[in-house]
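Let me begin by presenting the structure, written as C-alpha cells, before commenting on it.
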Amino acid sequence: MGKLGGFLEIERAGIPYRDPAERARDYSEFVLKRPDEELAEQGARCMDCGVPFCHNGCPLGNLIPDWNDLVYRGRWQDAIRQLHATNNFPEFTGRLCPAPCEAACVLEIRENNAVTIKQIEQSIVDRAWKEGWIRPRPPKRETGYGAAVVGSGPAGMAAAQQLRRAGHAVTLFERDEAAGGLVRFGVPDFKIEKAVVERRVQQLIHEGVEVRCGVDVGVDLTVDELRDSFDAVVLATGSRVPRDLPVPGRELDGVHFAMDYLYSRNRWVATEAGPRPMTEAPDPSGLSAAGKNVVVIGGGDTGADCVGNSIREGALEVVQLELLPEPPPTRPDELTPWPLWPSKYRLSYAMDEAKTIDRGEQDFSITTTRLSGDDQGRVSTLHAARASDEPPFAAVDGTEFEIEADLVLLAMGFLHPEQGLIEAFGCEKDGRGNIKAGTYETSTKGVFAAGDARRGQSLIVWAINEGRQCARMVDRYLGSLPSRVVRPAPHTVHTGNVEPADEGPEGPPRKVSPGLGPDPSPAPQEF
C-alpha cells in the first residue's frame with residue numbers, strides 16, 4: 001500500500017511544466033519528467049484504500065493502487081504489465097487525460113491533495129518504451145475471421161489491437177494520411193509529440209494489423225464491398241460534426257472551425273519535424289494566425305489548443321471567449337461533491353503562456369451577437385455582449401462591445417458523427433445523432449460501434465475503454481459464426497492480456513512477492 005502513513009509525511013508534487021515564456025516559442029512537449037526517486041515518493045502516498053474510488057473515477061478501471069505501489073518499490077517492469085492490463089495506450093492518457101481518477105482519489109477530500117496518478121502513469125510507460133519492455137505481441141493462433149475497423153483514433157486503435165491479439169485478421173481504415181485520429185491531427189505536438197502516436201501504430205502493424213490510410217470508407221471503398229470482405233465491421237469514426245455559430249456574418253472569410261485550423265497546424269509541424277505520413281498528405285492550408293488578432297470562441301481543451309498554436313505562430317493578440325459563467329476557484333461541494341469531477345476554474349496551459357507573454361485574454365459569460373467585415377469580405381470585428389448566467393444565456397441589454405478580429409476560430413464542441421456512413425450501413429441513431437448501439441452492436445447485424453461515434457464527444461479514456469469493450473463483443477459475435485479452419489500463427493509468442501480482452505495478470509500483485517516474473521516476450525523488434 002505504498003509507505004505506511006506516507007500520505008501524512010509526503011507532500012503532493014504536481015506535474016512540472018517548462019517555463020511558459022520559453023515553451024511558447026517551440027512545439028516540443030512542455031511537461032517535464034521527475035526523477036524516479038521523486039516518483040517513488042509520490043507513489044508512496046497512495047493509501048491502497050479499502051474502497052479505491054480512483055477505480056470508479058477512471059473509465060478504464062486502471063489498477064491504480066497496484067502500480068502506485070509497484071513504482072514505490074521500484075518494480076517498474078511489473079508496473080507496466082499492470083498498466084497494460086487495462087489500458088492499451090497509457091502514454092496517450094498520461095499526456096491527454098484530465099485525470100478524473102485524481103478527482104476521485106480519497107486524498108482529494110482535502111482539495112488539491114490527490115496522489116499524482118497521471119504523472120506516475122506517464123512515467124511508467126515512458127520508461128517501459130525506453131527500456132524496450134513494450135514489444136509487438138502477435139497472437140498465438142489465427143481464427144480465420146476478418147474484422148474491419150473504420151477510424152483510427154484511440155477507440156479504433158484499441159479495438160483493432162484487441163481483436164488482432166485475439167487472433168482475428170484486422171484491417172484498420174483511415175481516411176487521413178496517417179493513423180491516430182484527433183490525437184494525431186487535433187492535439188498539438190507540444191501536448192503529445194506525434195512520434196509517440198506513430199510508435200503505437202507501428203506496434204499494431206508488427207502485430208499483424210493492416211493499416212490502410214487515405215481510404216475514405218463509403219467513397220473509395222463502398223459499404224457493400226467492405227461488408228463482403230469482412231465478417232464484422234467496427235465504426236469508430238468519432239464525433240466530427242462541429243457546433244456552428246448561427247450569427248450574421250458567419251459566412252465572412254476568416255471565420256473557421258477550430259479543427260480546420262488545428263489540422264492545418266499539425267500538418268505543418270509534421271512537414272518540419274515528422275513523422276512522415278503513410279500516404280501523401282494534403283498541403284497545409286494557408287490558414288494562419290501569424291500577425292493577426294485572433295478570437296477563439298469556446299473555453300475547452302480545443303479552444304486552448306487553438307490559443308497555444310496561435311501564440312506560437314506569432315499572433316498579435318489572442319482573446320478566448322466562453323459563453324458560460326466563470327467557475328469558482330475551488331470545488332463547489334453543493335454542485336460537484338467529491339468524488340465527482342469538480343466544476344472549478346483551471347487556468348489552461350495555453351492561456352498561462354499567452355498571459356505570460358502579454359498576448360492573451362480570457363473572458364467568461366460572453367455571447368457573440370454578430371460578425372462584421374471589410375470591403376473584401378474578410379472578418380474584422382466581433383460584436384459581443386455579456387450573457388446572462390442562466391440558459392439560454394441571452395445577451396444582456398446595454399453590455400454590448402466589440403473586439404478586433406482578423407481570425408475567428410469556433411471551438412464550441414461537436415454535435416455527433418458524420419451521418420452519411422451511418423446511413424449507408426443502415427444503422428439506427430439515437431436522439432442526438434450518434435450510432436445507437438447499446439451493447440456495441442448496431443441495428444445492422446455484424447456492424448458494431450465504439451468511441452465518440454457511439455457515446456458522443458467524450459474523453460480519451462472513454463474512447464480506449466469503448467474500443468476494448470467493443471472488441472469483446474465483436475470477438476463474441478465472431479465466435480458464434482460457423483467455425484473457420486484455424487491457421488497456425490507465424491510466430492508463437494506470449495500474447496498478453498487478451499482472453500478475455502479485459503483481463504490482466506492473475507490478480508493484483510502480492511505486496512511481499514518478488515514480482516510477477518520476467519516478461520516472456522521475445523527480444524524487442526525495431527520499429
Side-chain angles (χ1 to χ4, degrees), residues 17-27 30 98 188 190-191 243 245 247 249-250 252 254-262 265 287-330 343-374 378-389 393-396 398-413:
Y17 289 171
R18 293 164 55 205
D19 178 76
E22 171 200 320
R23 70 187 192 233
R25 297 194 297 264
D26 62 51
Y27 290 84
F30 56 74
F190 41 87
K191 286 175 68 175
R243 182 174 284 105
L245 182 67
V247 298
R250 167 63 181 88
L252 290 168
V255 184
H256 302 272
F257 288 118
M259 209 48 65
D260 294 339
Y261 174 66
L262 294 176
R265 296 314 302 159
L287 186 54
S288 173
K292 296 178 180 178
N293 293 295
V294 180
V295 179
V296 178
I297 302 178
D301 288 342
T302 301
D305 294 343
C306 289
V307 173
N309 269 297
S310 295
I311 62 173
R312 282 164 175 78
E313 274 200 275
L316 294 178
E317 185 176 18
V318 184
V319 178
Q320 186 175 18
L321 305 178
E322 170 59 56
L323 178 66
L324 301 177
E326 181 175 353
T330 59
S343 175
K344 65 179 183 179
Y345 176 72
R346 299 169 180 83
L347 179 66
S348 72
Y349 76 91
M351 192 49 62
D352 186 21
E353 296 166 353
K355 289 184 175 182
T356 298
I357 62 176
D358 198 27
R359 277 194 279 159
E361 179 184 342
Q362 185 177 25
D363 207 352
F364 294 85
S365 292
I366 302 298
T367 182
T368 302
T369 56
R370 65 186 180 95
L371 300 163
S372 59
D374 57 22
R378 287 197 56 84
V379 67
S380 60
T381 306
L382 181 142
H383 303 263
R386 291 284 165 185
S388 60
D389 291 340
F393 307 108
V396 177
T399 63
E400 297 82 2
F401 62 96
E402 298 178 355
I403 302 174
E404 186 176 356
D406 307 309
L407 176 64
V408 177
L409 300 174
L410 309 180
M412 303 179 295

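Just so it is clear, the values below take in all heavy atoms, side chains as well, and ignore hydrogens, waters and symmetry mates.
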With a sphere of 6.0 Å drawn around CG of D301, does it hold more than 12 non-hydrogen atoms of other residues, nucleotides or ligands? no
Between S372 and L252, what is the shortest heavy-atom contact and its length? C-CD1, 3.5 Å
Can you name the side-chain hydrogen bond (donor to acceptor under 3.5 Å, both in side chains) partners of Y345, sequence neighbours left out? Q362
When you measure from the side chain of E400 to the backbone N and O of G398, does any donor-acceptor pair fall under 3.5 Å? yes
Taking atom CD of E322 and atom OG1 of T367, what is their separation to the nearest 0.5 Å? 11.0 Å
Could you state the interatomic distance from CG (L410) to OG1 (T302), rounded to the nearest 0.5 Å? 12.0 Å
Within the 4.5 Å heavy-atom criterion, are I297 and L382 side-chain neighbours or not? yes
When you compare the side chain of D305 with that of K191, does any pair of heavy atoms fall below 4.5 Å? yes
Between V294 and S310, which heavy-atom pair has the shortest distance, and what is it? CG1-OG, 3.9 Å
Side chain proximity check, F401 to I366, heavy atoms < 4.5 angstrom: yes
Inter-residue atom distance R359.CZ - E317.CD, 0.5 Å rounding: 10.0 Å
Quick check on D19: does its CG atom have over 12 non-hydrogen neighbours (other residues, nucleotides or ligands) under 6.0 Å away? yes
Taking the six-membered ring for Trp and the full ring for Phe, Tyr or His, determine whether the centres of F30 and Y349 are under 6.0 Å apart. yes
Separation of L371 CG from L245 CG (nearest 0.5 Å): 6.5 Å
Polar side-chain atom of R312 near backbone of G308 as donor-acceptor pair, under 3.5 Å: yes
Cation-pi, F190 ring and R23 (6.0 angstrom, 45 degrees): no
Are the charged groups of D363 and R386 less than 4.0 angstrom apart, N to O? yes
For L287, which residues count as a side-chain contact (heavy atoms from CB on, under 4.5 Å) partner, sequence neighbours excluded? H256, D260, Y261, S264, S285, L407
What one should report as the nearest heavy-atom pair of V255 and R250 is O-NH1, 3.5 Å
Is any side-chain heavy atom of T368 closer than 4.5 Å to a side-chain heavy atom of V295? no
When rounded to the nearest 0.5 Å, the distance separating CZ of F364 from CG of L323 is 11.5 Å
Measuring from L409:CG to M412:CE, what's the distance to the nearest 0.5 Å? 11.0 Å
Look at K292 together with E313 and state whether they make a salt bridge at an N to O cut-off of under 4.0 Å. no
Electrostatic pair D26-R18, nearest N-O below 4.0 angstrom: yes
Please check if the side chain of N293 supplies one atom and the backbone of D406 the other of a donor-acceptor pair under 3.5 Å. no
Looking only at non-hydrogen atoms, find the nearest pair between S365 and D389 and report the distance. OG-OD1, 3.9 Å
For A387 and V396, the nearest pair of non-hydrogen atoms, with its separation, is C-CG2, 3.9 Å
Closest contact, heavy atoms only, P188 versus N309: CG-ND2, 3.6 Å
